[in-house]
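Step one of this worksheet: look at the structure below.
First the proteins, then the strands, lettered A, B, ... as listed; each starts at 1. If you're wondering where the values come from, they're calculated on a predicted model, not measured in any experiment.
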Amino acid sequence: MATVKCSIPKGTRDFLPIEMARRNYIFDTIRSVFRTFAFEPIETPSLENLSTLMGKYGEEGDKLLFKVLNSGDFMEGVDFQQDYHKVAPRICDRGLRYDLTVPFARFVVQHRDQITFPFRRYQLQPVWRADRPQKGRYREFYQCDADMIGSTSLLNELELVQMIDMVFSRLGINVVVKINNRKVLAGIADMIGAPDKLVDITVAIDKLDKIGLDNVRAELAERGLTSSQIRALDPVFSLSGTAEEKIAALEAMFANVEVGRKGAEELKELFGYITAAGVKCEVELDLTLARGLNYYTGAIFEVKAKDVQIGSICGGGRYDNLTGIFGMPDVSGVGISFGADRIYDVLTELDAFPADLAQAAQVLFINFGPAEQAACVKAAARLRAEGIATLVYPEAAKMKKQMEYANRKQVPFVAFIGETELKDGTVTLKNMIDGNQTTMTIDELIAVLG
RNA sequence: GUGGGCGUAGUUCAGCUGGUUAGAGCGCCAGAUUGUGGAUCUGGAGGUCGUGGGUUCGAGCCCCACCUCCCACCCCA
């Protein structure tokens, strides 16, 4: 039989034990913070009906959805002569989820009778995007979401910022939390008389620090804004100072623009809460922050690592009517999503993982032969009963080989039960770091390792 | 989806203007060393040179196509 080439699909990854240990360290940290804030876990299927997913992420998003071919005779009654993007929805009823927020909205509507509002849930699961892979960008990656739904209070936004602060301070990553509000962006579009150009304006403004003011103006012109409208945006670009100062300027600017004024008010309230609560990390009001997902309606968040050049490692925002599409209007939610894979890349680059994550076993019993092995098995059972991670070398290999195995597995102790120990009912414990060894009873061994 | 780069041993890479049998470091296996590892030394195994075609007396090297991975754009975690 011809051998099959070993490979996995583009943009997906295998995880080695050491990588799993590090990933679990990230997941455990995030999960523990979510629990501290009294969020409850849920899971949803990898596959959703395509009708649930389509149209929620903008035109770009639809293209990036992985679609799953129908089972059976998917060709029946389908005209394959037409354009492929017309054929696709006819032959694919399901697709892989693109994020955790939209499936969550579906979940809330479907199980509303079993949920007590305001409801806060967390969810750590993989999502899939048919994007072209790149640094920090994968086709399969994990999101760690926390959302609260059924409450419009800005206290929720505050708690999200506090969670971000706690997660990244525990992981030892320096971050800046950028905050903006979609209502402010809508206000800006209204103010210059181009409410229909909201998306174009936000996309262009978003690039300000990347391509510079002149290029942003050029792009706005390209997107159909008149030169007087572009000039009317100048006060937005020239805003500076503290969050309070920017908000004050916005309030003045939006004297006659209702949405904008509402947005500025929300920002003022949120930043007031943040100042009062006091967070460790840097928090910044960034009017150029837009975020692509088009279901956001209020606050939007993005977190960037200060010491590593990579895209955002956490993002989120408020959505006022995501459940509306599923038949449950006027339920507001707000949430954030931690990008576990990017956080992994950041910690790797910073070399900031705890050193002892690789350690699977605490002690390895050296195997000298059948009689000694039987004693090791007995001793190991007692250690394991005490919750001590224990290995017995499975064959009486050369000592060098067994010791090398302990080294490579980073097992901190090896235990010898040889001829003499067998006779005395003892065990010799060797510390693999300093090389010291002592002979003791099994009870003493449990006391030392336990 | 658009543009650019890479692909040689398990791995990181070398390989001259195309020219005998494609190399090195690390890793792997064995021994020096039959109750003590990390060091050292000695020996050994391991390659359809990404895949398929073409040019040539001759291709790892040149040409074409495809694939992969990486990078940038778009977009995003």
At 4.0 Å (heavy atoms only), tell me whether A:E419 reaches a base, stays on the sugar-phosphate, or touches nothing.
base
Under 4.0 Å, counting only non-hydrogen atoms across every strand here, what does A:C314 touch: a base, just sugar-phosphate, or nothing?
sugar-phosphate
What do you reckon, are the aromatic ring centroids of A:Y122 and A:F34 less than 6.0 Å apart?
yes
Compute the ring centroids of A:Y344 and A:F353, then answer whether they are less than 6.0 Å apart.
yes
With a cut-off of under 6.0 Å to the ring centre and 45° to the axis, is A:R121 in cation-pi contact with A:F39?
no
Give a yes/no answer on whether the side chain of A:K400 brings an N or O atom under 4.0 Å of OP1 or OP2 in B:U34.
no
For the side chain of A:R132, counting heavy atoms from C-beta on, which of B:U2, B:A77, B:U68 is nearest?
B:U2
Does the ring-ring contact (aromatic ring centres under 6.0 Å, His included) test come out yes or no for A:Y142 and A:F27, once each step is laid out?
CA-CA 10 Å; A:Y142 275 73; A:F27 290 132; 5.3 Å; yes
Looking only at B:C69, B:G35, B:G37, the nucleotide nearest the A:K430 side chain is B:G37
Assert: residue with more 5' nearest nucleotide on RNA chain B, out of A:V414 and A:E302, is A:V414
Which comes earlier along RNA chain B counting from the 5' end, the contact point of A:G339 or that of A:T420, where each point is its nearest nucleotide?
A:T420
Closest listed nucleotide, where the reference is the side chain of A:R342 and the choices are B:U68, B:G37, B:C76
B:C76
Looking for any heavy atom pair under 4.0 Å, which part of the strands does A:D341 touch: base, sugar-phosphate only, or nothing?
nothing
Provide the Watson-Crick or G-U wobble partner of B:C62, both distances under 3.5 Å; none if there is no partner.
B:G54
For B:G3, give the paired nucleotide (Watson-Crick: N1-N3 plus N6-O4 or O6-N4; G-U: N1-O2 and O6-N3; both under 3.5 Å), or none.
B:C71
Under 4.0 angstrom, heavy atoms only, what part of the nucleic acid is A:Y138 near: base, sugar-phosphate, or nothing?
base
Taking atom P in both B:A14 and B:C62, compute the distance separating them and give it to the nearest angstrom.
14 Å
Just call it for A:Q134: base, sugar-phosphate, or nothing, with non-hydrogen atoms closer than 4.0 Å on any strand.
base
Closest to the A:K401 side chain, choosing from B:U36, B:C74, B:A30:
B:A30
Taking atom C1' in both B:C26 and B:U20, what distance in whole Å separates the two?
30 Å
If I pick the C1' atom on B:G46 and the same atom on B:A32, what distance separates them, to the nearest angstrom?
23 Å
Which part of the nucleic acid, if any, lies within contact of A:E372, taking any heavy atom under 4.0 Å across all strands shown: a base, the sugar-phosphate backbone alone, or nothing?
nothing
Taking B:G35, B:A77, B:U68 as options, the one with an atom nearest any side-chain atom of A:E421 is B:G35
Taking B:U11 as the reference, what is the distance to B:U51 when you measure between their P atoms (whole Å, please)?
14 Å
Complementary nucleotide of B:G43, counting Watson-Crick and G-U pairs under 3.5 Å:
B:C29
In whole Å, measure the gap between the P atoms of B:A77 and B:A39 for me.
45 Å
Taking atom P in both B:G7 and B:G1, what distance in whole Å separates the two?
24 Å
Considering every strand and a 4.0 Å limit on heavy-atom distances, what is the contact class for A:G61: base, sugar-phosphate, or nothing?
nothing
Separation of the C1' atoms in B:G4 and B:U40, to the nearest angstrom:
47 Å
Mind checking A:S312 for me? I need base, sugar-phosphate or nothing, with any heavy atom below 4.0 Å counting as a touch.
sugar-phosphate
Under a 3.5 Å cutoff, is there a donor and acceptor pairing between the side chains of A:T52 and A:R97?
no
Sticking with atom C1', work out how far B:C76 lies from B:C16, rounded to a whole angstrom.
46 Å
Tell me which nucleotide among B:G31, B:G37, B:U68 gets nearest to the side chain of A:K398.
B:G31
Less than 3.5 Å apart, any donor N or O on the side chain of A:N181 or A:E266 sitting next to an acceptor on the other?
yes
Looking at the side chain of A:T428, which of B:A77, B:G35, B:C70 is the nearest nucleotide?
B:G35
The single option from A:E444, A:E421, A:M440 that satisfies side chain to side chain contact (heavy atoms under 4.5 Å, CB included) with A:T426 is A:E421
